Amino acid sequence: MADLLRHHRHHAPGAGVIPVPHGPSTGDEHEHYPKSVSMDQQHAIFSYLTHPDDCYTPEGTYWADLPLKERVKFVNNVQNKEAWEEVKAIGRMMKEDPLSPVSWYWTNAVLPGAGLGLEGYVLFSIGNLEPLFRSTWPQCWGKNATECSANWVASVTYLEVIGIMVGQMAVGVIGDWIGRRWGLIQDAAIMFVGLLMITASWGLDLNGWVICYAWSLFFYGFGVGGEYPITATSSMENAVSAGKLSTREDRLHRGRKVTMAFLMQGWGQFFNQALLIILLLIFHHGDGNPPYGTTTTQWLWRVSFAIPAVGTLWLVYHRAYKMPHAGRQLAAVKKKSNVTGYDVDSLRLACNIFGGRLLATAGTWFCNDVFFYGNKLFQAQFIAVLSGPTESVMTGWIWNLYNVIVSLVGYYLASILIDNKFYGRKMMQQVGFLMCFIMFVVPAFNYEYYTSPAGIKAFQAMYFLSSFFNQFGPNSVTFLVAGEVFPTPIRASAHGFSACIGKAGALLASVLYNYIDTQTKFYVVPWFGLAGMLLTWLFLPDTTGLDLKEQERRWAYIRAGRDQDYHGIAVHPKHLSLWERLRGVGKNYNPELDRRQKIEDIREEWEGKERARAQKEAGGDATGMDDLSDDEWTDEVHHYFRNTREPSEKERAAAVTGKGGEIMMTPASISTPSSAAMTEKGDEEKPGSSSASSAR
């Protein structure tokens with residue numbers, strides 16, 4: 001940057017003050033900027049902020065604006081370079097400590113997704129335990145039950161799903177109202193108490209026990225439901241490390257960060273099924289075949305719920321004492337918007353602006369859960385077709401374990417490719433829905449053949465492939481995009497609403513599947529996959545590779561009533577849905593205007609931090625601005641803003657008369673490079689200008 005600066009030597013002047021006439025050299029060097037700054041000079045100073053090299057070419061062209069051949073080359077170069085850097089980083093870690101990658105995975109995947117892992121463990125244990133309960137207590141869980149109400153037995157599934165739906169909506173609002181950290185702690189505490197209730201559930205008779213068991217699952221489900229919006233938003237906003245939004249890690253690996261937490265749900269299913277098999281062998285004398293005694297069954301299911309209770313208690317401690325900054329990003333946004341409590345205005349505005357996105361996230365989640373939870377809650381019936389009639393629960397459990405392993409492969413492959421700019425979120429979800437549609441519609445219309453010895457292998461392959469593409473597709477993507485496509489103030493609420501509508505799909509499946517046979521299920525289910533694919537194609541934007549901070553920039557313009565004045569990449573056609581493009585949202589995209597606006601937006605942010613720092617040093621209130629570090633800005637950026645800012649009235653007066661009557665002038669008083677001076681004449685008004693600031 002030395003060639004961009006002019007150097008003067010002076011005698012101890014104030015910051016940014018030039019003596020007139022020029023004083024003698026004292027050896028004390030001072031830097032300031034010329035009266036006007038060219039576009040090339042601005043680009044050299046700000047390019048790392050406005051045009052990061054993982055999204056823009058050296059000439060400042062956004063990757064999605066490049067011709068196809070150049071785009072492929074640029075994206076592959078960036079991704080290959082990043083992959084190589086990660087390999088080298090792993091090598092350095094292992095050189096220092098061979099187990100350090102395990103520690104990294106524990107910190108970045110296991111801990112953020114621990115709640116979802118426990119959710120997967122407990123939620124899917126209901127379907128796993130049902131065959132055992134049916135075999136042990138046929139008078140209660142059988143088709144001809146005599147000692148239990150059929151409605152209460154069915155409510156075990158219904159109340160659990162309803163509890164999840166209530167938790168998703170309530171905790172989504174709580175996460176945006178009170179804060180992410182409170183939501184995280186509350187969820188863990190509720191799940192812990194719920195597990196104690198499930199483990200200790202009892203009754204004077206079998207029907208009384210079923211009632212207690214069902215309501216305990218409802219209470220536990222409330223905490224489980226809250227895990228969806230609160231885990232997704234906190235992972236997305238770097239809750240554990242409280243990092244900034246605009247980082248290379250965020251742009252290249254945000255999807256992986258969230259899905260690595262989400263895939264713990266798959267590990268929860270795996271450990272639940274594996275543990276049930278082990279416990280059955282322990283309590284049933286090493287034999288998995290019936291008959292199963294009531295003592296064996298009582299010990300098995302109670303111990304299987306008691307074990308995750310210990311892990312959940314530790315999760316309460318970890319979130320309460322090891323995650324103090326989980327709500328920092330939300331607090332900063334509220335501080336900037338002068339909002340306390342729940343931001344109702346943002347909710348109303350987001351529903352008007354992003355209604356199509358809400359339809360996409362909620363509608364596709366609904367379609368997915370008809371597939372996913374319907375499959376899991378009634379997997380025993382599907383597996384019975386594969387394995388043939390058997391009275392042993394062990395057979396079904398082993399088949400399910402295979403299915404979970406296939407699903408885990410899908411989870412991990414989704415995590416690897418979800419940030420790939422040529423595949424990414426939208427394509428992954430569309431392909432996943434399409435494959436699930438095919439894997440169910442083919443056997444639906446030739447059911448007898450595929451369930452016969454001649455076609456059973458093909459049926460088995462299609463069943464496992466449907467599980468794979470469900471994870472390597474809509475189940476992973478819906479969890480991510482339901483928070484990612486919405487602004488910070490209402491992110492948890494939007495995610496919670498979408499997840500709640502999704503669970504309505506699971507509730508539909510749990511009710512519907514009780515009244516139709518297996519073949520009819522194959523007739524009904526495929527069309528939800530087709531509907532999900534069409535909703536994704538029409539209403540879901542592709543946020544792969546989009547800087548999350550750009551969405552927040554656009555939201556600031558929307559919040560100020562100036563949506564049409566935003567020209568950045570958040571309205572690039574690549575990152576908009578077909579519905580938004582048809583409505584003309586992308587017509588305002590203009591890279592040149594955006595370049596100019598970005599600098600003024602950064603100036604506004606810089607001035608806000610300077611004011612907050614001065615207020616903090618003066619002992620004033622700087623609530624919500626506790627992170628005042630300057631790691632994001634180089635010295636050149638600081639010098640540029642300090643020497644090109646508009647002087648205050650006090651500074652203007654001081655610029656005319658200095659100490660001892662000496663006439664002094666700041667660079668601003670000589671010729672302040674205003675917004676127009678820093679850019680070409682005729683530019684439109686910037687968000688960072690005084691009039692724009694007053695509009696905010």
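Everything numeric here is computed off the predicted structure, so don't read it as measured data.
Here Phe445 pairs with Tyr523 under the ring-ring contact (aromatic ring centres under 6.0 Å, His included) rule; sequence neighbours left out.
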Would Phe486 and Leu358 count as a side-chain contact (heavy atoms from CB on, under 4.5 Å) if you check the C-alpha gap in whole Å, the side-chain angles of each, and the deciding distance to 0.1 Å?
-> CA-CA 9 Å; Phe486 300 106; Leu358 198 60; 3.7 Å; yes
Report the C-alpha separation of Leu195 and Tyr121 in whole Å, then their side-chain angles, then the decisive distance to 0.1 Å, and conclude whether the side-chain contact (heavy atoms from CB on, under 4.5 Å) test is met.
-> CA-CA 11 Å; Leu195 282 170; Tyr121 180 101; over 6 Å; no
Evaluate the side-chain contact (heavy atoms from CB on, under 4.5 Å) criterion for residues Ile438 and Val442: first the C-alpha distance (whole Å), next the side-chain angles of each, then the deciding distance (0.1 Å), finally the verdict.
-> CA-CA 6 Å; Ile438 293 172; Val442 169; 4.1 Å; yes
Audit row: Phe219, Ile198, side-chain contact (heavy atoms from CB on, under 4.5 Å) steps and yes/no | CA-CA 9 Å; Phe219 186 85; Ile198 295 171; over 6 Å; no
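Within the 3.5 Å criterion, the main-chain N or O of Phe472 finds no donor-acceptor partner in the side chain of Ser476. No side-chain donor-acceptor contact under 3.5 Å links Arg425 to the backbone of Asp542. Within the 3.5 Å criterion, the main-chain N or O of Leu132 finds no donor-acceptor partner in the side chain of Ser135. Proximity of a side-chain donor or acceptor of Tyr220 to a complementary backbone N or O of Glu160 within less than 3.5 Å is not detected. Between the side chain of Arg491 and the backbone N or O of Thr233, no donor-acceptor pair lies under 3.5 Å. In this structure a side-chain-to-backbone donor-acceptor pair under 3.5 Å is present from Asn128 to Phe124. Using modelled atom types, no side-chain atom of Trp365 and backbone atom of Ile501 make a donor-acceptor pair closer than 3.5 Å. Put simply, the side chain of His495 gets close to the backbone of Phe479: a donor and an acceptor are under 3.5 Å apart. A side-chain donor-acceptor contact under 3.5 Å links Arg302 to the backbone of Ser201. Under the 3.5 Å distance criterion, the side-chain polar atoms of Asn400 are left unmatched by any main-chain donor or acceptor of Gly396.
The aromatic rings of Trp301 and Phe133 sit perpendicular to each other, their planes meeting at more than 60°, with 30° as the lower class boundary. Classified by interplanar angle (parallel below 30°, tilted 30° to 60°, perpendicular above 60°), the ring pair Trp267/Phe270 is perpendicular.
Contact annotation: the side chain of Met260 never approaches that of His253 to less than 4.5 Å [non-hydrogen atoms, C-beta and beyond]. Taking 4.5 Å as the limit, some side-chain heavy atom of Lys421 sits within range of a side-chain heavy atom of Leu252. Residues Tyr292 and Val393 are in side-chain contact: their nearest non-hydrogen atoms beyond the backbone lie under 4.5 Å apart. Annotation: side chain of Val370 is not in contact with side chain of Val524 (no heavy-atom distance under 4.5 Å).
Contact check on Lys503 versus Asp369 returns a salt bridge, with a Lys/Arg side-chain nitrogen under 4.0 Å from an Asp/Glu carboxylate oxygen. Ion pairing of Arg256 with Glu82 is absent here, as no side-chain N (NZ or NE/NH1/NH2) approaches a carboxylate O to less than 4.0 Å. Using a 4.0 Å cut-off between charged side-chain N and carboxylate O, Lys81 and Glu85 make no salt bridge. Using a 4.0 Å cut-off between charged nitrogen and carboxylate oxygen, Glu249 and Lys257 do not count as a salt-bridge pair.
The distance from atom OG1 of Thr294 to atom CH2 of Trp137, rounded to the nearest 0.5 Å, is 7.0 Å. Between the OH atom in Tyr228 and the CD1 atom in Ile164 there is a gap of 6.0 Å [rounded to 0.5 Å].
Around the CE atom of Met93, the shell of radius 6.0 Å holds more than 12 heavy atoms that belong to other residues, nucleotides or ligands. Remark: Tyr402 OH is loosely packed, at most 12 non-hydrogen atoms of other residues, nucleotides or ligands lying under 6.0 Å away. Crowding of Glu86 atom CD: a count of heavy atoms from other residues, nucleotides or ligands under 6.0 Å exceeding 12. Within 6.0 Å of atom CH2 in Trp314, more than 12 heavy atoms from other residues, nucleotides or ligands are found, so the atom counts as buried in its surroundings.
With no hydrogens or angles considered, a side-chain donor-acceptor pair links Thr520 and Asp517 at under 3.5 Å.
For Phe522 and Phe459, the distance between ring centers is under 6.0 angstrom.
Under the side chain to side chain contact (heavy atoms under 4.5 Å, CB included) test applied with Ile278, the options Leu280, Ile282, Leu281 reduce to a single match, Ile282. Checked options Gln471, Glu119, Glu227; the residue passing with Gln265 is Glu119 (criterion: side-chain hydrogen bond (donor to acceptor under 3.5 Å, both in side chains)). Considering Lys574, Arg357, Lys426 as possible partners of Pro541, the one that fulfils the side chain to side chain contact (heavy atoms under 4.5 Å, CB included) test is Arg357.
Within the structure, salt bridge (charged side-chain N to carboxylate O under 4.0 Å, His left out) contacts touching residues 266-287 (residues at least two apart or in different chains) do not occur.
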